[in-house]
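Here's the structure we're looking at; comments come further down.
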Amino acid sequence: MATTIHMILLFIGLALLMLGIVSFSRARRLMSNGSLVLATVVENIPSRGSEGGVMYTPLMEYSIDGSVRSFSPSAMANPPAYAVGEKINLIYDPNNNNDIRIRSYWGVYLASNILLAIALPMVLISIGYFLFKAGII
């Protein structure tokens, strides 16, 4: 039974590890090949949080080739993370204008960090179990 559990843990961990590596490589590619654009926060959109409180999502406007576009990240905060009128650096893929992120460590690498933080302990625990069971450690 323990072997089955650790085998499942290993497969899930390896799958998450691969997703984390893919997410990290996409983020690195965006950082090296992406185009920078300066956005302005035009509004903090209020919405109800899961616990009934008010959370705010910034609505940003930026211009690419003379076309004004808007971007609203999925992150919400209370108090608002950005003030109206604040300038924010964004980075986007010139081949896919929909792939746009706030140019900050967490804005670019959040997904890969979460995936790797979950995957690595799962893989290490599983491998440790199998190495111990084999008498190697």
Side-chain angles (χ1 to χ4, degrees):
M1 179 70 164
T3 302
T4 304
I5 291 172
H6 285 88
M7 187 63 72
I8 292 169
L9 191 68
L10 179 62
F11 284 128
I12 293 171
L14 288 173
L16 292 175
L17 182 64
M18 292 305 297
L19 289 172
I21 291 169
V22 167
S23 178
F24 179 78
S25 66
R26 285 182 180 167
R28 289 295 305 149
R29 189 170 36 252
L30 179 65
M31 288 297 289
S32 63
N33 300 332
S35 297
L36 294 174
V37 65
L38 191 63
T40 303
V41 177
V42 294
E43 181 183 1
N44 282 307
I45 303 168
S47 63
R48 288 271 172 224
S50 61
E51 297 175 8
V54 176
M55 303 293 284
Y56 297 93
T57 303
L59 177 63
M60 304 171 189
E61 286 187 349
Y62 59 97
S63 177
I64 298 176
D65 299 328
S67 172
V68 176
R69 301 169 188 219
S70 62
F71 169 69
S72 187
S74 58
M76 299 188 318
N78 186 1
Y82 303 101
V84 173
E86 187 174 350
K87 305 288 186 194
I88 308 295
N89 284 316
L90 303 178
I91 188 164
Y92 69 95
D93 182 350
N95 299 320
N96 178 8
N97 291 341
N98 293 325
D99 186 8
I100 186 162
R101 302 178 197 183
I102 295 174
R103 189 175 184 273
S104 68
Y105 178 76
W106 292 112
V108 174
Y109 294 108
L110 179 65
S112 61
N113 283 347
I114 290 172
L115 289 167
L116 293 172
I118 294 170
L120 289 175
M122 293 172 82
V123 171
L124 290 175
I125 290 168
S126 300
I127 290 174
Y129 171 80
F130 289 116
L131 291 175
F132 180 79
K133 189 172 178 184
I136 298 173
I137 59 171

Audit row: Y62, I88, side-chain contact (heavy atoms from CB on, under 4.5 Å) steps and yes/no: CA-CA 9 Å; Y62 59 97; I88 308 295; over 6 Å; no
Y129 and L10: side-chain contact (heavy atoms from CB on, under 4.5 Å), yes or no, with the steps? CA-CA 10 Å; Y129 171 80; L10 179 62; over 6 Å; no
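Taking the six-membered ring for Trp and thresholds of 30 and 60 degrees, H6 and F130 have ring planes more than 60 degrees apart, a perpendicular arrangement.
The 12-atom threshold is not exceeded at CZ of R103, counting heavy atoms of other residues, nucleotides or ligands nearer than 6.0 Å. Counted within 6.0 Å of CE on M18, heavy atoms from surrounding residues, nucleotides or ligands total 12 or fewer; the atom is thus considered open.
V84 and V42 get closest at one heavy-atom pair: CG1-O, 3.8 Å. The minimum heavy-atom distance between M60 and A39, with the atom names listed, is CB-CB, 3.9 Å. For the residue pair A81 and E86, the shortest heavy atom distance occurs at O-OE1, 4.5 Å. The two atoms that bring S70 and L59 nearest to each other are CB-CD1, 3.9 Å, heavy atoms only. What you find for P46 and V54 is that their closest heavy atoms are CB-CG1, 3.8 Å.
In this structure, M55 and N78 have side chains that are in contact, with non-hydrogen atoms separated by less than 4.5 Å. Annotation: side chain of F24 is not in contact with side chain of L115 (no heavy-atom distance under 4.5 Å). Considering only heavy atoms from C-beta on, N89 comes within 4.5 Å of L38 through its side chain.
Each of L90 and V108 belongs to its own hydrophobic cluster when Ile, Leu, Val, Met, Phe, Trp and Tyr are linked at side-chain heavy-atom distances under 4.5 angstrom. In the hydrophobic clustering of ILVMFWY residues, with side-chain heavy atoms under 4.5 Å counting as a link, L120 and I125 come out apart. In this structure, W106 is a member of the same hydrophobic cluster as M31, with clusters built from ILVMFWY side-chain heavy atoms closer than 4.5 Å. Transitive grouping of hydrophobic side chains (ILVMFWY, heavy atoms separated by less than 4.5 Å) keeps L36 and V41 in distinct clusters. M7 and V123 fall within a single hydrophobic cluster, where Ile, Leu, Val, Met, Phe, Trp and Tyr are joined by side-chain heavy atoms under 4.5 Å apart, directly or via other members.
Counting only residues at least two apart or on different chains, the side-chain hydrogen bond (donor to acceptor under 3.5 Å, both in side chains) pairs with a member in residues 14-30 are R28-Y109.
Atom CZ in F71 sits 13.5 Å away from atom OH in Y92 (nearest 0.5 Å). To the nearest 0.5 Å, atoms CG (D65) and OG (S67) are separated by 8.0 Å. Rounding to the nearest 0.5 Å places CG of L14 at 11.0 Å from CG of L19. Once rounded to the nearest 0.5 Å, the distance linking CG of L30 with CD1 of I91 reads 4.5 Å. M76 CE to N44 CG: the interatomic distance, rounded to the nearest 0.5 Å, is 12.0 Å. Interatomic distance, CG of L110 versus CD1 of I102, reported as 11.0 Å (0.5 Å rounding).
The side-chain contact (heavy atoms from CB on, under 4.5 Å) test applied to I12 returns I8, L16, M122, not counting sequence neighbours.
If you run side chain to side chain contact (heavy atoms under 4.5 Å, CB included) between R69 and each of N98, V37, I64, I100, only I64 comes through.
A donor-acceptor pair under 3.5 Å links the side-chain atoms of S72 to the main chain of P58, judged by distance alone.
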